[in-house]
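Next up is a structure, given as structure tokens.
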Amino acid sequence: MPTVRTRFAPSPTGYMHIGGMRTALFNWLWARHNGGQFILRIDDTDQARNQEAALGPILRAFRWLGLTWDEGPEVGGPHAPYYQSQRGELYKAAAARLEADGRAYRDYATKDEIDADRKQADREKRPYINIRRSLELSDSQKAAYAAEGRTWVLRFLVPRDQKVVLHDQIRGTVEWDAALLPDPVILRGDGTPLYNFATVIDDAGMQITHVVRAEEHLSNTPVQLLLHQALGNVLPTYAHVPYVAAPGSKEKLSKRKIEQYRNNPQFRKMFEKGDEVFPQLGLTGTTALDPVMVEYYERIGYLPAAVLNALGRIGWSLDESTEIMSLATLIENFTLDRVVKAPAGFDPDKLYSFQGHWMKELPLDEKLAGCLPYLVQAKLIIEPVPAEMRQFVEAVIVALGERLKVFSDILAAAYFFRDDYAVDEKNFEKRVRKTGVPAHLAAFRQQLASVDPFTVPALEAALQAYCEEKGEQTGTLIHALRLSTTGQPVGPGVYDCLVLLGREKSLARIDAALARV
RNA sequence: GGCCCCAUCGUCUAACCCGGUUAGGACACAGGGUUUUCAUCCCUGCAAUGCGGGUUCAAAUCCCGCUGGGGUCACCA
């Protein structure tokens, strides 16, 4: 058995699609599971755009998730270059070989001609295939075309007398009638290759053993199989995984439909989180992040472990009950035969639940390291962060406990870092501006001034003693205290809040709250 | 429309290959308990084999048809 080699071949689009990431993960997992290699190859046969900028976010996503590539951009490898735009000679040579063998032909047909043929086929309700008029051309006609500078494309001559059979690792045996396949263009008028052709050359040249890709490529497969056959290549094993669908649907998750997704009930919360967080980070306008992009989750403060776990469970399962899986568990157990055939909807709720789990597992120092950049970027603290501030942030994180689901949740505790924090007016009305409450608050405030030490147990004892003496519910004061010192109806334990704020600031905030009653 | 793929709770899935389970788990949702907030945690509940034939003692499971959903039909990838 040769070493397993898989590849992921993104086109530099300027962002990494979450569905594409899942496909990449499956490739990566299969390679790692077998101790093989994972290759990153850039499909930029069509690009005239700024490649560096468009590729950056894609590599960033792989790095963020920790999916290393053995060969590809930046790391090179024995089959370099890994950019299709730099492999032109290889394609031209292969194309020339096909042409010499009579397996490809120069097609002089114009766009209009082909369009007309297509319409005609449509009218006659028969499938369109090329009429191949160029094959009939005499040498003098060809010479005449050449003289007038007429361009041609190179088409693969589909052998129409056979059936193409694919033994797909996931879908089983799929069969096509080659007689129904149009002759694909393999070289454009300018001599550059098309995806379908370049892929075949590269998969063979880079000795890819397993082509694991999304099922939308299934219909490209017969042509690729024929091309491999014509070139005398050893066939790779194919595995077409289902595409990732929009939440709650069977439709392919697509960036073009992003505006529709805002109204998707399962997606809505994810959009809202971004709307809430990104402005605070100064990430607006041109950055245009959305939940189809991997970067969206990174920026909100999701953990790679959570995203990986969620992606690994879309269309794949380990057994009848395992849900929580680390990357190591995924590597150990991943096999293609357990990939589900039906498309699966991306489930933001489930991702959030995985996130809760992995965040809970994260050591405190890593939580701190994850949260600090958010506070800095939101200008709640300044860099370099002094040691005392780091300690303070750490204490806030401890107080937040499992309320901190994603790193950006630290921003909800902004009131620990600034005095002009937002006040929830509705709850202030309900918990503070209420008969009898201001008086109790004022009275307890006096006790607060002398509670010593200013610690959670001491504060709790003081409050309980006060309430017992006055015959008041502790909840009354707890809520009033929380609203007046943090402005929020929810948050860490109120004694934790007071201690974190410190005596001085607590008293000042209570005074301010009393003043605005 | 042609070609191709797919079909179990609202969602992600297990069981299907090698027919016999009270059709299991998780998320979400609902209710209860703990925490005088919220989050966590614990318990309980809700909830599925698209339809029709066939094979068989027995079908989610095998076969056929239908219906439904989806993908793809470029000098895009």
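Quick caveat: nothing in here was measured; it's all calculated off a predicted structure. Letters go in sequence order (proteins before strands), and every chain restarts at 1.
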Geometric cation-pi criterion Arg150(A) and Tyr145(A), 6.0 Å radius, 45° cone: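 Yes, Arg150(A) lies over the aromatic ring of Tyr145(A).
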Taking only side-chain N and O atoms of Ser317(A), does any of them lie within less than 4.0 angstrom of OP1 or OP2 on A14(B)? yes
Is Gln488(A) touching bases, backbone alone, or none of the nucleic acid, heavy atoms closer than 4.0 Å? nothing
Measure from the side chain of Glu215(A), starting at C-beta and using heavy atoms only, and say which of C5(B), U11(B), C27(B) lies closest.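 From the listed options, C5(B) comes nearest.
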Salt bridge check: are Asp117(A) and Arg133(A) linked by an N-O gap of less than 4.0 Å?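 Looking at Arg133(A) together with Asp117(A), the answer is yes, because their closest N to O distance falls below 4.0 Å.
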Sugar-phosphate, base or nothing in reach of Arg338(A), heavy atoms under 4.0 Å: sugar-phosphate
Tell me whether the NZ or CZ atom of Arg22(A) lies within the 45° cone about the ring axis of Phe26(A) and under 6.0 Å from its centre.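 The answer is yes, since Arg22(A) meets both limits relative to Phe26(A).
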What nucleic acid atoms does Gly345(A) come within less than 4.0 Å of, heavy atoms only: base, sugar-phosphate, or nothing?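 Here Gly345(A) touches the backbone only, sparing every base.
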Does Arg118(A) reach a base, just sugar-phosphate, or nothing at all? Heavy atoms under 4.0 Å.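 Answer is sugar-phosphate: Arg118(A) comes under 4.0 Å of backbone atoms only.
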Classify Lys125(A) by what it touches in the nucleic acid, base, sugar-phosphate, or nothing, heavy-atom distance under 4.0 Å. nothing
Just to be sure I understand the rule, does Val185(A) reach a base, reach only the sugar-phosphate, or reach nothing, if contact means heavy atoms closer than 4.0 Å? sugar-phosphate
Applying a 4.0 Å non-hydrogen cut-off, can you work out what Arg171(A) is touching in the nucleic acid: base, sugar-phosphate, or nothing? sugar-phosphate
Under 4.0 angstrom, heavy atoms only, what part of the nucleic acid is Pro492(A) near: base, sugar-phosphate, or nothing?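 Base: the residue Pro492(A), judged by heavy atoms under 4.0 Å, touches a nucleobase.
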Nearest whole Å is fine: how far is G2(B) C1' from Ile129(A) CD1? 12 Å
Selection from C3(B), A39(B), G25(B) that lies nearest to any side-chain heavy atom of Ser321(A):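 It is G25(B).
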Using a 4.0 Å heavy-atom cut-off, does Gly493(A) contact any base of the nucleic acid, only the sugar-phosphate backbone, or nothing at all?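 Answer is base: heavy atoms of Gly493(A) come under 4.0 Å of a base.
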In whole angstrom, what separates Trp358(A)'s CH2 from U40(B)'s P?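 Spelled out: CH2 on Trp358(A) to P on U40(B) is 18 Å.
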Using a heavy-atom cut-off of under 4.0 Å over every strand shown, decide if Lys405(A) touches base, sugar-phosphate, or nothing. sugar-phosphate
Between Asp409(A) and Arg403(A), is the closest basic N to carboxylate O distance under 4.0 Å? no
Check this for me, if you would: do Lys350(A) and Glu323(A) make a salt bridge, where the nitrogen-to-carboxylate-oxygen distance has to be below 4.0 angstrom?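 Between Glu323(A) and Lys350(A) there is a salt bridge, with a charged N closer than 4.0 Å to a carboxylate O.
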Base, sugar-phosphate or nothing for Asp319(A)? Non-hydrogen atoms, less than 4.0 Å.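 The residue Asp319(A) makes sugar-phosphate contact but no base contact.
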Return the pairing partner of G71(B) with a 3.5 Å limit on both distances, Watson-Crick or G-U wobble; otherwise return none.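 Pair assignment: G71(B) / C3(B).
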For Leu400(A) and for Val340(A), find the nucleotide of RNA chain B with the closest heavy atom, then tell me which residue's nucleotide is more 5'. Val340(A)
Using a heavy-atom cut-off of under 4.0 Å over every strand shown, decide if Arg123(A) touches base, sugar-phosphate, or nothing.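 No contact.
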Looking across every strand, which nucleic acid part, if any, lies under 4.0 Å from Val494(A) by heavy atom: base, sugar-phosphate, or nothing? nothing
At under 4.0 Å between heavy atoms, what does His240(A) touch on the DNA or RNA strands: base, sugar-phosphate, or nothing? nothing
